[in-house]
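What follows is a short report on a single structure.
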Amino acid sequence: MLVAVVSDDGSWHGSGRWQDVRPDGTPAGAPVRVADLPAAIAAREAAEHPRWLWAATTEGYPTLLRAGVRVRRCHDVELTEALLLGHAGRWGEPRALAAARARLTGAPVPADPPPRLPQPPGFAQGALFEAMSGPPAAAGSGVLEALAQVYADQHARIGATGQPGRFALLVAAESAGALVGAEMGHAGLPWRADIHDQLLRELLGAPQPVGPPRRLAELTAEINEAFGVRGLHPDSPAEVLRAFSRAGIEVPNTRAWVLRQVEHPAVKPLLEYKELYRIWTAHGWAWRDAWISEGRFRPEYVPGGVVSGRWATRGGGALQVPKVVRRAVVADPGWRFVVADAGQLEPRVLAAVSGDSRLARAGAAGDLYAALATDSFGGDRAKAKIALLGAMYGQTGGAAIPALAVLRQSYPTAFEYVEAAARTGEAGGLVRSWLGRTCPPASTAWRDAGLEPPEEGGSAEPQGGAPGRARGRFTRNFVIQATAAEWALVLLATLRTALEGLRAELVLFVHDEVGVHCPAEEAEAVAEAVRVSAGRAGELLFGDTAVRFPLDVSIVECYADAK
DNA sequence: TCTGGCGGCGCC
DNA sequence: AAAGGGCGCCGCCAGA
């Protein structure tokens, strides 16, 4: 059963209405008013586990979670609309429920509300902020009708895609991902502020009332001494470039890998400075004070926030936590982390989607690169790896050239799969993931490249030169990265279901890695659930394929000890 | 003084 | 080992 649901005032903790809807989107009963939305949803969820049809998971689900209410399934109209618009080559059009309905009725299409700003928990979330942002778009009368009407239309549009079964799976996974994202934000990642402080002091020295901590100040002095100057700021690329120039060394920029090739006494302290400076500014004491509360790091996840379908976060940098800082991620007493990451996910995805049976046979092995090396690269694993990475990312030079030639020769089907995606992109066309997520049109890429977008109707014009090649690399990678993201999303959704009935909670999801926080006695069961879910994800996406998707699973007390 | 673009680096 | 694809975040820097 599908149940359209809306909050009367958008708060999701007062009254609301719902209405049963048939799978084709036609109403299956009259609207029903409920006085206490969280309580009513909880009761109905317990009774029958309906699929909840709502405008956007981000609108109400966090509030429901705070009220202790979880749901098993939903259909997120906004995320689905974004997928369908993209599939139709209409990337970037407004995706909110109100916009989707306006397109159906011929009314003027309202723009989406601007995305919220990054906001650490507890900051300005009171009445003032809510008053400033106004009532949510999905409140008020007519919303139930809009939900049913737009759902029916989306149902029909999914059916009209080239691969309706796959696209339906994508829509279901995207909605499930939205639930997981909210639940992970609610649960938070266990984070020991005291250990964080201790490791910052070990790395950086004591924090100072004003200015950088002791170790950074020392390194600044060392760098100045090495250059024979005073007052140089190591964090100013322009000043560092000038200092090297005065020393007779011309470098194109001050990136770490460039400096590593330079012989000069300033290089060593500069490299150490960069590393520590990054930790201080991005994950130092200020970050900890803003983002850690009650022993938890609660970033705001944005499922589908990246064009490839990967998640993004709003504030907090949860997907870029430096490895050294992960020592602060410690399970509660008596609890463990089960951390699992997919090994060699992207080449396995290429093997599966391309239908290259020879590559798929290699993908059946635990080490795909090694199997590939034995098969065609004379046992040279490094060369096999370079070949695959080069093919997926569009590398054109260096050591990749001979490796790519071997790949083209021995695995022509897989090679052609990514080549075709690159050609399509360079010609201004669109490519799709396995389940049907579609890349943005070329005009977007051109804007990103600082060029004028093409004239109306000219989006299929080929674009030569560097921008065209850049778009070719983008579409080449998109078909792989977006499909890998789908595999991970399906794994996540499957795992979420498998964890029902346990105390275990999903607390971590980083592209191809998941983390579950659970009582120690549940750890083995959780580890097994993750492995089973990975297998299921492969089957759901690719059906009968020789390719396997093995996981590295660790049971640890500290995240830094995973793998 | 404020702001957008960019350099640089963290993660996958 | 590097470069190639995707991001977010920070501070610098030049221009309004």
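Chain naming here is simple, since letters A, B, ... match the order of the sequence lines and numbering starts at 1 in each.
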*Name the closest nucleotide to the A:Leu389 side chain, picking from C:dC7, B:dC12, C:dG4.*
C:dG4
*Between the side chain of A:Ser175 and the main-chain N/O of A:Asp76, is any donor-acceptor distance below 3.5 Å?*
yes
_A:Lys268 with A:Glu222: basic N within carboxylate O range, under 4.0 Å_ = no
*Checking side chain to side chain donor-acceptor pair (under 3.5 Å) against A:Arg432, which of A:Thr424, A:Thr438, A:Thr475, A:Thr483 comes through?*
A:Thr438
*asked:* Could you tell me how far apart A:Leu319 (CG) and C:dG5 (P) are, to the nearest whole angstrom?
replied: 20 Å
*asked:* From C-beta outward on A:Thr281, which listed nucleotide comes closest to its side chain: C:dG11, B:dC12, C:dC9?
replied: C:dG11
_Could you tell me how far apart A:His233 (NE2) and C:dC12 (P) are, to the nearest whole angstrom?_
8 Å
*Salt bridge check: are A:Glu202 and A:Arg327 linked by an N-O gap of less than 4.0 Å?*
yes
_Residues from residues 236-257 of chain A lying under 4.0 Å of DNA chain B - heavy atoms_ = A:Pro237, A:Asn253, A:Thr254, A:Arg255, A:Ala256
*Tell me the side chain to side chain donor-acceptor pair (under 3.5 Å) pairs involving residues 250-266 of chain A, sequence neighbours left out?*
A:Ser245-A:Glu250
_Among B:dG8, B:dG10, B:dC12, the one nearest A:Lys274 by side-chain distance_ = B:dG8
*Report which part of the nucleic acid A:Phe478 touches: base, sugar-phosphate, or nothing (heavy-atom distance under 4.0 Å, all strands).*
nothing
_Any non-hydrogen side-chain atom of A:Leu506 less than 4.5 Å from a side-chain atom of A:Arg496?_
yes
*How close or far is atom P of B:dG8 from atom CG of A:Leu271, stated in whole angstroms?*
13 Å
*Establish, yes or no, whether a centroid distance under 6.0 Å links the rings of A:Trp487 and A:Phe542.*
no
*Residues within residues 178-191 of chain A bordering DNA chain B, heavy-atom distance below 4.0 Å*: none
*Do A:Asp356 and A:Tyr417 come close enough that some side-chain heavy atom pair is under 4.5 Å?*
no
_Base, sugar-phosphate or nothing for A:Leu345? Non-hydrogen atoms, less than 4.0 Å._
nothing
*Identify which nucleotide among B:dC11, C:dG4, C:dG5 has an atom closest to any side-chain atom of A:Lys323, counting heavy atoms from C-beta outward.*
B:dC11
*Give a yes/no on whether any side-chain N or O of A:Lys385 is located under 4.0 angstrom from OP1 or OP2 of C:dA2.*
no
*What nucleotide among C:dG4, C:dC9, B:dC12 has an atom nearest to a side-chain atom of A:Arg278?*
C:dC9
_Nearest to the side chain of A:Arg310, heavy atoms from C-beta on, is which of C:dG4, C:dG8, B:dC12?_
B:dC12
*Do A:Glu239 and A:Arg242 sit within salt-bridge range, that is, some charged N less than 4.0 Å from a carboxylate O?*
no
*Across the strands shown, which category fits A:Arg326 at heavy-atom distances under 4.0 angstrom: base, sugar-phosphate, nothing?*
sugar-phosphate
